[in-house]
Amino acid sequence: MKKYLIVPDAHFPFVDRKSWALLLKVGRAFKPYGIIVLGDFIDCYSVSDFPKSRRMSLDEEILSARDGIADLESLGATKHHFIAGNHENRLPKHLAKHAPELAGLVPSLRSLLGVTAPKWTWTDYHDLLKIGRAYFTHDVGKCGPLAHVSAANDVGGNTIMGHTHHFGVEYRGNLKGSARFGSALGCLADRAQVDYASKARVAAWVHGCGLGYLYPDGDFHLTPTPFIRNRATVEGREIGHR
């Protein structure tokens with residue numbers, strides 16, 4: 001059996017530092033074979049088309065995200081998988097809209113973040129990563145607290161997604177006696193730094209991660225792991241950041 005640490009939207013440099021420290025503590029206790037980043041690891045705030053309330057350079061964002069990548073690599077996993085989200089997609093969209101003449105001259109975000117082969121695999125935004133009988137993606141075009149249910153129906157199999165910042169899992173059986181699930185694993189973003197939504201909306205976000213178990217026959221079992229009062233449970237052990 002192989003164990004996977006599944007990392008939801010961190011939005012560096014706007015990551016919640018206490019929750020990030022707890023994630024790393026969870027990772028050290030869990031000792032994963034693989035790490036899967038579900039996208040929106042970097043915010044790309046500086047190249048978004050939205051009105052901005054602060055000054056931020058892309059260089060600052062990349063340096064912060066690279067520190068986060070180094071943190072994940074320090075956990076000693078054998079496999080590392082990075083799935084691009086809509087926030088990673090902001091950079092190529094920005095270049096295509098505002099500087100198409102630079103196509104091919106600006107390094108890819110994958111290269112800038114250092115998530116390159118052979119240590120990392122990269123899955124483009126809207127594509128899916130398949131591991132055993134589970135599919136991983138940032139989103140399938142829908143948002144909201146039940147988007148993971150819709151995603152599992154669209155994919156037709158076990159689906160683990162990011163994007164919504166909500167935390168949930170639904171298992172659904174069938175006449176064959178098997179079950180599939182759809183899951184969203186919250187986020188790791190700092191709610192206090194959000195400038196595009198009301199405090200009431202972001203209060204519904206849940207910090208956490210996922211612990212996955214890949215069996216030799218391809219079955220993938222998921223343990224959703226919310227961070228409650230900055231504590232988590234890993235294989236029956238309390239993990240807390242103080």
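FYI, the numbering just counts along the sequence from 1. Just so it is clear, the structure is predicted and the values come from calculations on it, not from any experiment.
Distance alone, capped at 3.5 Å, is enough to place a donor-acceptor pair between the Glu88 side chain and the Asp40 backbone. Between the side chain of Lys97 and the backbone N or O of Ala99 there is no donor-acceptor pair closer than 3.5 Å.
When all heavy atoms of Thr121 and His81 are compared, the pair lying nearest together is OG1-ND1, 2.7 Å. Between Phe14 and Arg54, the shortest heavy-atom distance links the atoms CE2-NH1, 3.3 Å. Between Gly208 and Pro8, the closest heavy-atom pair is O-CG, 3.2 Å. When all heavy atoms of Thr225 and Ala232 are compared, the pair lying nearest together is CG2-CB, 3.9 Å. Between His98 and Asp49, the closest heavy-atom pair is NE2-OD1, 3.5 Å. Across every non-hydrogen atom of Gly27 and Leu5, the tightest pair is CA-CD2, 4.1 Å.
Checked against His138 for a side-chain hydrogen bond (donor to acceptor under 3.5 Å, both in side chains), the options Thr123, Asp127, Asn86 give a single hit: Asn86. In summary, of the residues considered (Val37, Ile35, Leu75), a side-chain contact (heavy atoms from CB on, under 4.5 Å) with His80 occurs for Ile35 alone.
Note that CG of Leu58 and OG of Ser46 are 4.0 Å apart. Values are rounded to the nearest 0.5 Å. Remark: Met1 CE to His221 NE2 distance equals 10.0 Å, nearest 0.5 Å. To the nearest 0.5 angstrom, Phe227 atom CZ is 10.5 Å from Ile239 atom CD1. Between Leu63 atom CG and Leu113 atom CG the span is 10.5 Å, to the nearest 0.5 Å. Note that SG of Cys44 and CD of Glu61 are 6.0 Å apart. Values are rounded to the nearest 0.5 Å. To the nearest 0.5 Å, atom CG of residue Asp16 and atom NE2 of residue His207 are 4.5 Å apart.
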Checking Thr164 against His148 for the side chain to side chain contact (heavy atoms under 4.5 Å, CB included) test, could you report, in this order, the C-alpha distance in whole Å, the side-chain angles of both residues, the deciding distance, and whether it holds? CA-CA 9 Å; Thr164 71; His148 59 283; 5.8 Å; no
What's the verdict on side chain to side chain contact (heavy atoms under 4.5 Å, CB included) for His87 and Ile42, showing C-alpha distance, side-chain angles and the deciding distance? CA-CA 7 Å; His87 281 251; Ile42 184 172; 5.9 Å; no
Side chain to side chain contact (heavy atoms under 4.5 Å, CB included) between Arg133 and Asp217, intermediate numbers included: CA-CA 9 Å; Arg133 296 189 184 93; Asp217 64 0; 4.1 Å; yes
Should Val234 and Thr223 be marked as a side chain to side chain contact (heavy atoms under 4.5 Å, CB included) after you check the CA-CA gap, both sets of side-chain angles, and the distance that decides it? CA-CA 9 Å; Val234 178; Thr223 301; over 6 Å; no
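Side-chain contact between Pro13 and Met56: present, with at least one pair of heavy atoms (C-beta onward) separated by less than 4.5 Å. Contact annotation: the side chain of Asp71 never approaches that of Leu23 to less than 4.5 Å [non-hydrogen atoms, C-beta and beyond]. Proximity of His11 to His165: side-chain heavy atoms (C-beta onward) are separated by under 4.5 Å at one or more points. His126 has its side chain out of reach of Thr137: every pair of non-hydrogen atoms, C-beta onward, lies at least 4.5 Å apart. Residues Phe12 and Asp67 form no side-chain contact, since every pair of their non-hydrogen atoms from C-beta on lies 4.5 Å or further apart. Counting heavy atoms from C-beta on, the side chains of Met161 and Ser183 never come closer than 4.5 Å.
Remark: His166 engages no residue in a side-chain hydrogen bond (donor to acceptor under 3.5 Å, both in side chains) (not counting sequence neighbours). With sequence neighbours excluded, no residue satisfies side-chain hydrogen bond (donor to acceptor under 3.5 Å, both in side chains) with Ser64. Under the rule for a salt bridge (Lys or Arg N to Asp or Glu O under 4.0 Å), the partners of Arg172 that lie at least two apart in sequence or sit in another chain are Glu170. Residues meeting the side-chain hydrogen bond (donor to acceptor under 3.5 Å, both in side chains) test with Tyr45, sequence neighbours left out: Asp195. Judged as a side-chain hydrogen bond (donor to acceptor under 3.5 Å, both in side chains), and not counting sequence neighbours, Asp59 has no contacts.
No chain of hydrophobic side-chain contacts below 4.5 Å, direct or via other Ile, Leu, Val, Met, Phe, Trp or Tyr residues, connects Val149 to Val140. Residues Leu22 and Leu72 are members of one and the same hydrophobic cluster, defined by side-chain heavy-atom contacts under 4.5 angstrom among Ile, Leu, Val, Met, Phe, Trp and Tyr. Cluster annotation: Phe82 is connected to Leu91 through the hydrophobic network of ILVMFWY side chains, with a link wherever side-chain heavy atoms come within less than 4.5 Å. Connection of Val115 to Leu128 is not established within any shared hydrophobic cluster, with ILVMFWY side chains joined at heavy-atom distances below 4.5 Å, either directly or through further cluster members. Under the 4.5 Å side-chain heavy-atom criterion for ILVMFWY residues, no single connected hydrophobic cluster contains both Val202 and Phe50.
The pair Arg90-Asp43 meets the salt-bridge criterion, since a charged nitrogen lies less than 4.0 angstrom from a carboxylate oxygen. Under a 4.0 Å N-O distance rule, the pair Glu235/Lys3 qualifies as a salt bridge.
Crowding of Lys52 atom NZ: a count of heavy atoms from other residues, nucleotides or ligands under 6.0 Å exceeding 12. The neighbour count for Lys93 NZ, taken as heavy atoms of other residues, nucleotides or ligands under 6.0 Å away, does not exceed 12.
Between Tyr213 and Phe30, the angle of the ring planes goes over 60°, which puts this pair in the perpendicular group of the 30/60° scheme.
Cluster note: Leu38 groups with Tyr4, Ile6, Tyr33, Ile36, Ile83, Leu129, Ile131, Phe136, Ile160, Phe167, Val169, Tyr171, Phe181, Leu185, Val206, Leu214, Phe220, Leu222 through ILVMFWY side-chain heavy atoms spaced under 4.5 Å, whether in direct contact or through intervening members.
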